[in-house]
Amino acid sequence: MENKETASSKKIITEKGRTLKDLLAGPDIIAARVDGRLVDLSTRLDEGKEVEPISVHSKEGLEILRHSTAHVMAEAVKALFPDARPTIGPATDDGFYYDFDRDKPFSYEDLAIIEKKMSEIIAADKPFSRKEISKEDAIRYFAEQNEPYKVEILNDIEDDTVSLYTQGDFTDLCRGPHIPSTGYIKAFKLLSVAGAYWRGDERNKMLQRIYGTAFASKDELDDYLDFLEESKKRDHRRLGRELELFMMSDEVGPGLIIYLPKGGMVRSILEDFEKRLHLKRGYNIVYGPGILRGELWKISGHMDNYRENMYFTEVDNQLYGIKPMNCLAHILIYRSKIRSYRDLPLRYFELGTVTRHEKSGVLHGLLRVRQFTQDDAHIFCMPDQLIDEIVSIINLVDEVMALFGFDYETEISTRPEKSIGTDEDWELATSALKQALETKGLDYDINEGDGAFYGPKIDIKLKDAIGRKWQCATIQCDFSLPQRFDLSYIGQDGRKHRPVMLHRVVLGTIERFMGVLIEHYAGAFPVWLAPVQVVVMSITDAQRGYAQGIVEKLKENDIRAELDARNEKIGYKVREARSMKVPYMAIVGQREMDEDTITLRDRSGRQEKMSIDGLISRINSSVPKI
RNA sequence: GCCAGCGUAGCUCAGUGGUAGAGCAGCUGAUUCGUAAUCAGCAGGUCAAGGGUUCAACCCCCUUCGCUGGCUCCA
């Protein structure tokens, strides 16, 4: 979303007795900031205050607009469905929602009716008015209105005074601020209905949520709706089928991926790339088994903290856990020898396939599956090497994300409720992560209670070509498992010391990363990743042998080439190669055959005649240096 | 797992309480062609599965499975 600076964002000084609305002219100004607080335009202030107008085009202004639109929606819903009890209705990153408690869920047909009612409320241009009352009065009011959720929220508020906002027939408990009147809503749309737990807790009652969005102008709303359409076109599930990359099958089971030859090719390229990348950076490639004894998962704490995500099986009366993570084998590799401080850090890398029982409702194409392969590594190091190791992982992530054209954001997730280890260790681990990010000069958010059960983590959210965020890479700092498995190294002093362990993935998982890549590139992979790099196509049968020879020569030079010598018109072949998003077409007719050349057509439709060696060097030079 | 919607040919989608349709893809033949669709013919389905209502169910009801959008959870 844009954050437009407008001419009216300069500060002004208030005059006594006049409302901000009198002072801040302009249809785009919907609120103001005074003393760092956002306030309504109806506010009357003392003389001499410095006031910053808030435009609907700013990020904060848009949020206010959307929040107000949520109130209007609640008014419409209450008018149309008196049995619906309002709960909460905030603005979100790209719109708003309002949750209602209602026995009968809303249907998509209801949305049109609600939209119509909202349009009437907007056309009536009803003012939003703010009233401050005591908490007790507010509780009494909402109890009378038969709105128990508002009463429950009020009971959790510590302030003695709360604010209510009223527009038309609807009054809501709300901090504000709001737009001056409903007529300020110029463009809105209701998008979907969904169930949502009261206060986001699955033990609570499920409420009925309506999602919508609002924008400062009709054009911006249309742009957003176009963006949603564009996202649909890029959907990796659709492209995965169209480009013959992967499939899923009811017969196999949900959340399980079958790679078709083209998707298998892409995966194999990614995996080769990763192996070279890690070998060059001092990692050792290892492999662990897919099932490990139950006893091991008890020691690690998975049995107590991760059991609901694990599958178990029994072999010869022994309990085995199917691995949901790759760390245990790596720990055993570390422990298989006595380690000296001189050996550290040790970095074990595995393209490890793990299996996790994900709840059925969360599965989603390649992005959320039940069996997946992580580009996983575990680094064992001395405590004083920790920061350097984290920094070099961040550097690696940085390099790889740049290669694929992703920008990213970082956040730190701290200790969750279900976890192992001492507070001191968690503190140490968390501060190491913070320090590493600070060393790199990276900003980060804190995500309280969202760490892994064995340690805090840095989550890296990458941003794709159309601005969507995806969680792929993560770096987790762990003091607990080395302790649980009694890992040690002999220090310079000849005594045993405890190493620290880092768990980290860069792409995250091959599945998710491929899904994200497909959407990022809209299926048009860069040449080095494209499953088919060039299709050699003949104009007529007379060039079949020539074209065949070119394909063979390309393949000898490690180029992924296919022949299209079918008895079809060239336009048909071009069309098909374009829809399969093949980067290059090498077209050969009589002219090219006579000159021993090809006509190369790229994705943009640009064409040039060149030698076959020219084509080989062009394609091979596209492979990134790592 | 929870809420809602959906499930018809490989894909995209029509369709009706009374024997199942189109386009594309596929196959066969003709066409030998210069940059996004040559023409003709053929074939393709236990209408997700199981049960029920009915003289009769793809259609109505129930159950299960799967998918989609959310919620919770997550790489």
Side-chain angles (χ1 to χ4, degrees), chain A residues 97 99 102 104-110 191-211 232 235 237-238 241-242 244 247-255 306 308-309 324-326 352 354 356-376 413 416 450 452 457 459-461 470-474 476 503-513 515-516 537-544 565-580 585 587-592 599-601 605-607:
Chain A
Y97 64 81
D99 286 348
R102 184 176 185 237
K104 190 171 179 290
F106 296 104
S107 68
Y108 281 84
E109 290 74 55
D110 293 337
L191 297 170
S192 60
V193 293
Y197 299 109
W198 167 236
R199 298 197 153 172
D201 190 327
E202 63 183 329
R203 288 165 301 197
N204 287 343
K205 183 167 185 186
M206 183 153 279
L207 307 171
Q208 303 305 323
R209 174 171 298 181
I210 301 176
Y211 279 99
K232 261 188 215 165
D235 191 311
R237 292 166 299 184
R238 171 180 169 160
R241 184 169 51 237
E242 289 173 0
E244 296 174 8
M247 61 177 272
M248 290 192 265
S249 159
D250 290 2
E251 292 172 286
V252 173
Y306 206 73
E308 61 276 16
N309 286 297
M325 299 183 190
N326 300 300
V354 299
R356 297 182 186 174
H357 180 249
E358 300 291 343
K359 290 177 179 175
S360 60
V362 307
L363 302 174
H364 181 95
L366 292 177
L367 302 179
R368 197 74 186 273
V369 295
R370 285 190 172 145
Q371 188 172 70
F372 50 91
T373 299
Q374 297 180 302
D375 61 333
D376 206 358
S413 295
D450 230 18
K457 58 181 181 172
D459 282 328
I460 288 152
K461 301 229 156 113
W470 309 91
Q471 149 100 61
C472 291
T474 176
Q476 309 173 346
H503 308 238
R504 46 109 283 181
V505 290
V506 175
L507 303 187
T509 74
I510 302 292
E511 284 74 11
R512 179 175 286 183
F513 197 75
V516 173
M537 44 186 78
S538 53
I539 302 282
T540 73
D541 281 348
Q543 299 92 41
R544 174 184 283 271
R566 288 175 303 172
N567 185 4
E568 295 288 354
K569 288 184 174 176
I570 195 67
Y572 185 87
K573 297 180 185 181
V574 168
R575 178 174 190 274
E576 196 165 287
R578 279 190 62 114
S579 59
M580 292 304 280
M585 298 173 219
I587 293 157
V588 293
Q590 194 57 48
R591 295 202 290 271
E592 288 81 0
T599 294
L600 187 71
R601 180 187 164 126
R606 225 182 359 252
Q607 293 187 67

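Every chain is numbered from 1, with letters handed out A, B, ... down the list of sequences.
Residues forming a side-chain hydrogen bond (donor to acceptor under 3.5 Å, both in side chains) with A/Glu242 (at least two apart in sequence, or on another chain): A/Arg238. Partners of A/Tyr197 according to the ring-ring contact (aromatic ring centres under 6.0 Å, His included) rule, which considers only residues two or more places apart in sequence or in another chain, do not exist here. Residues forming a salt bridge (charged side-chain N to carboxylate O under 4.0 Å, His left out) with A/Asp99 (at least two apart in sequence, or on another chain): A/Arg209. Residues satisfying the salt bridge (charged side-chain N to carboxylate O under 4.0 Å, His left out) test with A/Arg578, not counting sequence neighbours, are none. Remark: A/Asp250 engages no residue in a salt bridge (charged side-chain N to carboxylate O under 4.0 Å, His left out) (not counting sequence neighbours). When the ring-ring contact (aromatic ring centres under 6.0 Å, His included) test is applied to A/Tyr97, the partners found at least two apart in sequence or on another chain are A/Tyr211. In this structure A/Lys461 satisfies the salt bridge (charged side-chain N to carboxylate O under 4.0 Å, His left out) test together with A/Glu411, sequence neighbours excluded.
Look at the C1' atom in both B/C59 and B/G21: the space between them is 16 Å, to the nearest Å. Going from the P atom of B/C58 to that of B/U8 covers 15 Å, rounded to whole Å. When the P atom is compared between B/U63 and B/C24, the two are found 41 Å apart, to the nearest whole Å. Taking atom P in both B/G29 and B/C65, one finds a spacing of 47 Å when rounded to whole Å. The gap from the C1' atom of B/A14 to that of B/A20 amounts to 11 Å, rounded to the nearest Å. Distance noted for atom C1' between B/C60 and B/C3: 24 Å (whole Å). Between the P atoms of B/A43 and B/C62, the separation comes to 40 Å (whole Å). The P atoms of B/C47 and B/G18 are separated by 15 Å, rounded to the nearest whole Å.
When side chains are defined from C-beta on, A/Asn309 does not count as touching A/Pro324, because their heavy atoms never get closer than 4.5 Å. A/Gln371 places none of its side-chain heavy atoms less than 4.5 Å from the side chain of A/Val354. Side-chain contact between A/Met585 and A/Val574 is present, with heavy atoms from C-beta onward closer than 4.5 Å. Contact check for A/Met247 versus A/Arg241: no side-chain heavy atoms found under the 4.5 Å cut-off.
Within a 6.0 Å radius of CZ in A/Arg544, other residues, nucleotides and ligands contribute 12 heavy atoms or fewer.
For the pair A/Arg370 and A/Glu511, the salt-bridge criterion is not met [side-chain N within less than 4.0 Å of a carboxylate O]. Salt-bridge check for A/Lys457 with A/Asp459: passed, with a basic side-chain N closer than 4.0 Å to an acidic carboxylate O. For A/Arg356 and A/Glu308, the salt-bridge test fails: no basic side-chain N is under 4.0 Å from an acidic carboxylate O.
Each of A/Thr509, A/Asn326, A/Thr474 was compared with A/Gln374 under the side chain to side chain donor-acceptor pair (under 3.5 Å) criterion, and only A/Asn326 meets it.
A/Thr599 comes within 4.0 angstrom of a base, heavy atoms only. As judged by a 4.0 angstrom heavy-atom cut-off over every strand, A/Gly589 is placed among the base-contacting residues. A/Glu308 comes within contact range of no nucleotide atom at all, as no heavy-atom separation falls under 4.0 Å. Nucleic acid contact class of A/Glu242 (heavy atoms, under 4.0 Å, all strands): none.
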Counting primed atoms, P, OP1 and OP2 as sugar-phosphate and everything else as base, the B/S/- map of nucleotides 68-75 of chain B against protein heavy atoms under 4.0 Å is SBBBBBBB

Quick tally for nucleotides 22-30 of chain B: nucleotides whose base has a protein heavy atom under 4.0 Å get B, sugar-phosphate-only ones S, the rest -, giving ---S-----

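When rounded to the nearest whole Å, the span between CE of A/Met585 and P of B/G34 equals 17 Å. Between the P atom of B/U35 and the CD atom of A/Gln543 lies a distance of 14 Å, rounded to the nearest Å. B/A4 atom P lies 13 Å from atom CG of A/Leu207, rounded to whole Å. Between the CZ atom of A/Arg601 and the P atom of B/U35 there is a distance of 10 Å, given to the nearest Å. Rounded to whole angstrom, the span from the CD1 atom of A/Ile587 across to the P atom of B/G34 amounts to 12 Å. In this structure, A/Leu600 places its CG atom 15 Å from C1' of B/G34, rounding to the nearest Å. Straight-line distance from the CG atom of A/Asp99 to the C1' atom of B/C3: 12 Å, rounded to whole Å.
The side chain of A/Arg241 contributes an N or O atom lying less than 4.0 Å from OP1 or OP2 of B/U12.
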Encoded 5' to 3' (Watson-Crick or G-U under 3.5 Å; [ ] crossing; | other strand), RNA chain B becomes (((((((..((((....[..)))).(((((.......))))).....(((((..]....))))))))))))....

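Counting only N and O atoms by type, the side chains of A/Gln543 and A/Thr540 include a donor and acceptor under 3.5 Å apart. Between the side chains of A/Thr599 and A/Glu592, at least one donor-acceptor pair of N or O atoms lies under 3.5 Å.
RNA chain B is contacted by both A/Val588 and A/Phe106; A/Phe106 maps to the nucleotide lying nearer its 5′ end (nearest heavy atom per residue).
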Where do N or O atoms of nucleotides 63-65 of chain B meet protein N or O atoms at under 3.5 Å, pair by pair?
none

Under-3.5 Å N/O pairs linking protein and nucleotides 40-49 of chain B:
none

